[in-house]
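Step one of this worksheet: look at the structure below.
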Amino acid sequence: MRKLLRLVVVAALGSSLVACGSDKKDEFGAAGVKVTSDFGQKPTITHRDGDPDKTLVTEVLKEGDGPEVKKGELLTANYLGQIWRDGKVFDNSYDRGAPSSFPIGVGGVIAGWDEGLVGKKIGSRVLLSIPADKGYKSTGNEQAGIKGDDTLIFVVDLVGEAANDTPLDANPVTPSTPTKISVSGPLNAEPKVTVAAGTKPPAKPGKPVVFALGKGKPIEKGSQLIGRYVVYDYTGKKQASTWDGQPATAQSPAQPGAPTDQLQVGPSPTGQTGALDGLAGIPIGSRVLVELPASKDQAGKTVNAFAVIDILNAFPAPKQTGQ
């Protein structure tokens, strides 16, 4: 009888010990990584002892209820990157006070991001354990302290996505300011722009002209916009467009046309003002004509132009390093 009891006790203790060991293992999740804090808050990352996985590991820590991220979109996200080897946090957007935006799925970022984030839902917090072959490869990144064989850990909060066919949530309106420039076309495609013959550029840029009034919140001063645009001169010749792709360079492959986050409504964190400052107060979702200051082309010739901008979203401009 005593022998039987001892066997029962040993069996019970054994199962408890196994369970404790299992809890310890589960504490670190599929990637061997533990993350504290909630979506939108700067995370703290710890990982299990030993070497990391040799393959890309993706774990959704919190699933959002937004649309799925698609290849070729501009993804807006908050993120923190940490080196497995020494625990160094080499980059994060939380300290800058604003998310960052990247073309996703098209080679504009490291392969681990392209493969790990396409298909995830906006509003999700995603953990990535990225081996060197899907990170900075054998060259590493000396400035960031990343060696050629380093595995990188990222926690990424997916904030928003935008594409060239993302429809504006807006109603077309008749411009309140008379203009000789016609802007038409659907609100999910490059606008059709016509400049009346003989139209001369203004002596100085005037106020923005709204062609479709968005239903979002008014743009605040000091914002960074997610948007798309087309630029014309006053002869009616197109000068630039975010709907047009970018050719390959020595640093990056060819990129399809996509929205941009390089639209600043001043004043900037350093006090700078710019051509888009007049957009403050206009609702997000609007299609707006903005007259641009005269500039010089590569040959030194003066160029007078205007832009038609689709405003897809707005975020606080990031703080400068060291602020």
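Since we're looking at a predicted model, the values are computed, not measured. Heavy-atom basis, side chains included; hydrogens, waters and symmetry copies ignored.
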Check whether the side chains of [X] and [Y] place a donor and an acceptor atom closer than 3.5 Å, and report yes or no.
| X | Y | value |
| --- | --- | --- |
| T260 | T242 | no |
| T55 | D53 | no |
| D150 | Y136 | no |
| S124 | K62 | no |
| N78 | S93 | yes |

Are [X] and [Y] close enough that some pair of their side-chain heavy atoms sits under 4.5 Å apart?
| X | Y | value |
| --- | --- | --- |
| Q224 | P318 | yes |
| D49 | F28 | no |
| L152 | F90 | yes |
| L117 | V126 | yes |
| D114 | V106 | no |
| N188 | T166 | no |
| T76 | S100 | no |
| P131 | K54 | no |

Exercise. Which other residues belong to the hydrophobic cluster containing L276, where Ile, Leu, Val, Met, Phe, Trp and Tyr are joined when side-chain heavy atoms lie under 4.5 Å apart, directly or via other members?
Worked result: V173, V210, L213, I219, L225, Y229, V231, L263, V265, L279, I282, I284, V288, V290, L292, I309, I311

Exercise. Are the aromatic rings of F306 and Y234 close, with centres under 6.0 Å apart?
Worked result: yes

For [X] versus [Y], what's the shortest heavy-atom pair and its separation?
| X | Y | answer |
| --- | --- | --- |
| S223 | Q264 | O-NE2, 3.3 Å |
| Y94 | P43 | CE1-CD, 3.5 Å |
| K71 | G105 | CE-O, 3.1 Å |
| G32 | W84 | O-CH2, 3.9 Å |
| A212 | L187 | CB-CD2, 4.0 Å |
| A144 | I83 | O-CD1, 4.1 Å |

Exercise. Yes or no on side chain to side chain contact (heavy atoms under 4.5 Å, CB included) for K296 and V303, after CA distance, side-chain angles and deciding distance?
Worked result: CA-CA 6 Å; K296 300 283 187 179; V303 177; over 6 Å; no

Strictly below 4.0 Å, N to O, side chains only: are [X] and [Y] in salt-bridge contact?
| X | Y | result |
| --- | --- | --- |
| K238 | D244 | yes |
| D65 | K121 | no |
| R96 | D91 | yes |
| E115 | K134 | yes |

For this session: Would you check, one step at a time, whether the test side chain to side chain contact (heavy atoms under 4.5 Å, CB included) holds for L168 with S286?
Result: CA-CA 7 Å; L168 292 174; S286 298; over 6 Å; no

Applying the 4.5 Å side-chain criterion to the ILVMFWY set and letting contacts propagate, would [X] and [Y] be lumped into a single cluster?
| X | Y | value |
| --- | --- | --- |
| I130 | F102 | yes |
| I122 | F154 | yes |
| V230 | L312 | no |
| L56 | V156 | yes |
| F39 | L61 | no |

For this session: List the steps, then state whether side chain to side chain donor-acceptor pair (under 3.5 Å) holds for T177 with K207.
Result: CA-CA 9 Å; T177 303; K207 294 182 178 180; over 6 Å; no

Would you compute the distance between atom [atom1] of [X] and atom [atom2] of [Y] and round it to the nearest 0.5 angstrom?
| X | Y | atom1 | atom2 | value |
| --- | --- | --- | --- | --- |
| L75 | K120 | CG | NZ | 11.5 Å |
| E59 | R125 | CD | CZ | 12.0 Å |
| Y232 | Q239 | OH | CD | 10.0 Å |
| H47 | T151 | NE2 | OG1 | 9.5 Å |
| E161 | I104 | CD | CD1 | 12.0 Å |
| Q41 | L80 | CD | CG | 13.0 Å |

Exercise. Judged by atom type as modelled, is there a donor-acceptor pair below 3.5 Å linking the side chain of R85 to the main-chain atoms of K88?
Worked result: no

Problem set entry | Chi angles and distances behind the side chain to side chain contact (heavy atoms under 4.5 Å, CB included) call for N304, D233 | CA-CA 6 Å; N304 292 284; D233 65 22; over 6 Å; no

Exercise. Parallel, tilted or perpendicular: which describes the rings of Y79 and W113, with under 30° parallel and over 60° perpendicular?
Worked result: perpendicular

Exercise. Does CD in E220 sit with more than 12 non-hydrogen atoms of other residues, nucleotides or ligands closer than 6.0 Å?
Worked result: no

Problem set entry | Heavy-atom neighbours of K192 NZ exceed 12 at 6.0 Å | no

Exercise. Does the side chain to side chain contact (heavy atoms under 4.5 Å, CB included) test come out yes or no for I153 and L128, once each step is laid out?
Worked result: CA-CA 6 Å; I153 307 167; L128 302 171; over 6 Å; no

Exercise. Listed by chain and number, what are the side chain to side chain contact (heavy atoms under 4.5 Å, CB included) partners of K221, not counting sequence neighbours?
Worked result: P267, A280

